[in-house]
Amino acid sequence: MGASAAVSWAIALSVLTVVVGAVGMTRFVRGATLIGSDVIQLRASVLHSISVPSALFHGAEMISMDAPGAPRFRVRTNGVAWPGYAGGWFRTMQWERAFALITDGKRVVHVPPEGERDYHVFVSAKFLEAIDDG
């Protein structure tokens, strides 16, 4: 293999890597989607999503995750977290289960566990507002 063939292969592999990466990143759509008239699917990533009744959010409390006394996450159990983002499954400081879809910690809708649902739901308000606007 000559030098020009090696360069051609390197360029082709680089282009392929960029294309595959770009297509892969479009699969990591975060947000909330209304399914039917009464179910909302919260998608933190391709691997982390739940479906909950839309009525769950009626009358739910709005909190700031930065406020003193606000719920905190102790550990990720099956989620992703970095500054400004938390998505997937976590444990709270009291070791309770929680599903989070947070991109703006200042405006978070919090739904505590109730009935058969044994986990908290934390979702940035902008995702639910997008459903109302749509």
Open item on the list: Between Phe127 and Val109, does the side chain to side chain contact (heavy atoms under 4.5 Å, CB included) criterion hold? Intermediate values first, please.
Closed with: CA-CA 10 Å; Phe127 294 115; Val109 176; over 6 Å; no

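The structure places CG of Leu56 at 6.0 Å from CD of Glu114, a figure rounded to the nearest 0.5 Å. Rounding to the nearest 0.5 Å places NZ of Lys106 at 4.5 Å from CG of Asp66. The distance from the OG1 atom of Thr103 to the OH atom of Tyr85 is 8.5 Å, given to the nearest 0.5 Å. Rounded to the nearest 0.5 angstrom, Leu42 CG and Leu101 CG are separated by 6.0 Å.
Listed by chain and number, the residues in a salt bridge (Lys or Arg N to Asp or Glu O under 4.0 Å) with Lys126 amount to none (sequence neighbours excluded).
Residues Gln41 and Arg43 approach most closely at NE2-NH2, 3.4 Å, considering heavy atoms. Summarising the geometry of Pro113 relative to Asp118, their closest heavy-atom pair is CB-C, 3.9 Å, with the distance given to 0.1 Å. Considering all non-hydrogen atoms of both residues, Ser124 and Asp104 come closest at OG-N, 3.1 Å. Pairing each heavy atom of Ser64 with each of Ala70, the nearest pair is O-CB, 3.3 Å.
Considering only heavy atoms from C-beta on, Glu129 comes within 4.5 Å of Arg107 through its side chain. Put simply, the side chain of Leu128 reaches to within 4.5 Å of the side chain of Ile40, judged on heavy atoms. No side-chain heavy atom of Pro53 sits less than 4.5 Å from a side-chain heavy atom of Asp38. Phe99 places none of its side-chain heavy atoms less than 4.5 Å from the side chain of Val123. Taking 4.5 Å as the limit, some side-chain heavy atom of His120 sits within range of a side-chain heavy atom of Glu96.
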Less than 3.5 Å apart, which donor and acceptor atoms pair up between the side chains of residues 74-82 and the rest of the protein, not counting sequence neighbours?
{"from": "Arg74", "atom 1": "NE", "to": "Met93", "atom 2": "O", "distance (Å)": "3.3"}
{"from": "Arg74", "atom 1": "NH2", "to": "Met93", "atom 2": "O", "distance (Å)": "2.4"}
{"from": "Thr77", "atom 1": "OG1", "to": "Trp89", "atom 2": "O", "distance (Å)": "3.2"}
{"from": "Asn78", "atom 1": "OD1", "to": "His48", "atom 2": "NE2", "distance (Å)": "3.1"}

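With Tyr119 as the aromatic partner, Arg117 meets the cation-pi criteria of under 6.0 angstrom to the ring centre and within 45 degrees of the ring axis.
Taking Ile, Leu, Val, Met, Phe, Trp and Tyr as hydrophobic and joining them when side-chain heavy atoms fall under 4.5 Å apart, one finds Phe73 in a cluster with Ile63, Met65, Phe90, Ile102, Val108, Phe122.
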